[in-house]
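Notes follow the structure.
The chains referred to below are lettered A, B, ... by the order of the sequence lines, with proteins before strands, and numbering in each begins at 1.
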Protein chains: 2
Amino acid sequence: MDSAVGQGGRPSSAAQGAATRAAILEAAAALIADLGWGQVTTRAIAARAGVPHGAVNYHFQGKDDLLRQAAIAGTLNALAGPLSIARAAGSVQEVLDGILAWFTCGALNDPSVALLLETARQSTRDPLVREPLATKLREFRATLTELVRRSQERGDIAADSSPAGTATMVAALLDGLMLHVLLDPELDLSETADTIRSLLRGR
Amino acid sequence: MDSAVGQGGRPSSAAQGAATRAAILEAAAALIADLGWGQVTTRAIAARAGVPHGAVNYHFQGKDDLLRQAAIAGTLNALAGPLSIARAAGSVQEVLDGILAWFTCGALNDPSVALLLETARQSTRDPLVREPLATKLREFRATLTELVRRSQERGDIAADSSPAGTATMVAALLDGLMLHVLLDPELDLSETADTIRSLLRGR
DNA sequence: GGTTAACTTGGCCAAGTGGACAGTGCGGTT
DNA sequence: AACCGCACTGTCCACTTGGCCAAGTTAACC
């Protein structure tokens with residue numbers, strides 16, 4: 001709104017709009033995580049984004065539209081991390097260790113987790129929110145399934161269960177642990193992690 | 001508020017208060033599950049409970065107080081079901097089967113699940129909500145731990161993992177599956193259930 | 001220079017929202 | 001019968017909220 005304008009003579013006006021839009025989206029996602037979906041107000045979003053409250057209704061069709069876009073973008077972005085971990089991993093154990101480490105390294109305080117939960121909750125009411133989220137989760141499970149298959153072939157984990165079933169179990173397990181740690185931050189996951197590793201290994 | 005009064009001459013005034021109070025609490029819990037914590041209004045609660053909206057402020061100290069009480073009571077009540085399943089069960093497998101059956105039997109549409117999620121989310125902001133919930137969850141894990149220990153002694157499940165770690169894993173797994181089915185109602189749990197049973201059995 | 005279109009800004013409004021409160025009715029007590 | 005106190009009941013109020021809009025600003029285009 002000040003220094004970045006008029007330098008190269010490029011797209012001051014048009015690009016400024018995109019920047020404002022992005023700032024509003026980011027602020028909205030942060031507020032959903034902070035306050036909960038229903039407590040977010042357009043004025044609070046504007047304040048957090050550092051724009052006047054009229055700007056919100058200029059760039060978006062309404063509060064619902066804005067919250068939907070912000071939640072979906074933020075959640076997909078948050079899920080991209082674990083997904084890339086799963087893609088890069090060579091074994092199921094690596095995924096488990098990676099994500100468990102992420103949990104104990106302060107992911108609890110990460111607003112991504114809160115946003116994920118809020119979006120999940122909202123997705124039961126709004127199909128427009130649920131659809132992209134469910135698609136991403138299926139993608140995650142598919143990646144995990146392929147990983148399980150490879151790990152089974154290599155003998156890393158027990159081969160007597162279906163890869164898809166095992167992948168769903170692992171994904172649910174990780175999310176469930178996230179939920180439990182959120183409710184009870186003092187919960188120690190080390191024993192549980194050992195148990196999971198041991199069980200997957202097939203004793 | 002009409003026919004029930006003045007019949008036997010018993011508890012008209014005092015008991016009527018308790019009934020109204022209970023109706024408000026129940027309506028509040030239902031609305032939290034339906035609309036989400038932040039979207040609930042005292043007027044909507046009063047309408048659902050069939051009382052004038054002034055009654056809400058008469059019986060409770062304020063909206064926060066009411067929502068807290070309603071959410072805690074409703075959630076503890078919802079958790080009592082699974083807990084009694086776990087108490088009555090003779091083995092870990094029984095708990096798994098019982099709760100998985102409960103999932104596929106329409107627990108997804110059960111407002112209890114929605115209320116549980118809303119309360120869990122709120123508990124990250126309000127310690128007064130988190131405390132009783134965390135206590136109940138610890139109780140659930142403790143019951144499960146004892147069950148795991150007994151199942152291990154009997155040889156029903158692999159005995160090479162700590163009972164506490166296994167119990168936490170099972171609890172998280174169930175909650176995680178609940179979350180995934182909520183997001184993707186078409187998700188088939190049968191393969192996953194087989195996988196879990198197989199893994200727990202120690203192959 | 002003038003025009004246009006995208007963007008910004010702050011004021012405004014109707015529709016709630018939570019809470020307060022002055023009454024009202026009625027059972028129980030004396 | 002007179003009284004008391006509890007459980008309401010409906011109204012009122014200060015305030016917030018989402019959304020609209022009429023100006024203002026800026027940069028690109030003719």
Hey, is [X] close enough to [Y] for a salt bridge, meaning N to O under 4.0 Å?
X        : Y        : answer
B:Asp156 : B:Arg150 : no
B:Asp194 : B:Arg197 : yes
B:Glu146 : B:Arg141 : no
B:Arg125 : A:Glu118 : yes

Approximate separation, where rounding is to 0.5 Å, of B:Leu137 CG and B:Leu133 CG | 5.0 Å
How far does CD1 of A:Ile32 sit from CZ of A:Arg121, to the nearest 0.5 angstrom?
-> 14.5 Å
Side-chain N or O of A:Thr20 closer than 4.0 Å to phosphate OP1/OP2 of C:dT8 = yes
Within a strict 4.5 Å, meaning less than it, do heavy atoms of the B:Ile157 and B:Arg201 side chains meet?
-> no
What are the residues of residues 57-70 of chain B, sorted by number, that bring a heavy atom to within less than 4.0 Å of DNA chain D?
-> B:Tyr58, B:His59
Hey, can you pull the residues of residues 32-46 of chain A with a non-hydrogen atom under 4.0 angstrom from DNA chain D?
-> A:Val40, A:Thr41, A:Thr42, A:Arg43
Any pair counted as salt bridge (charged side-chain N to carboxylate O under 4.0 Å, His left out), so long as it reaches residues 18-47 of chain B, sequence neighbours left out = B:Asp34-B:Arg48
Picking from C:dC12, C:dT9, C:dG19, the nucleotide nearest the side-chain atoms of A:His53 would be C:dC12
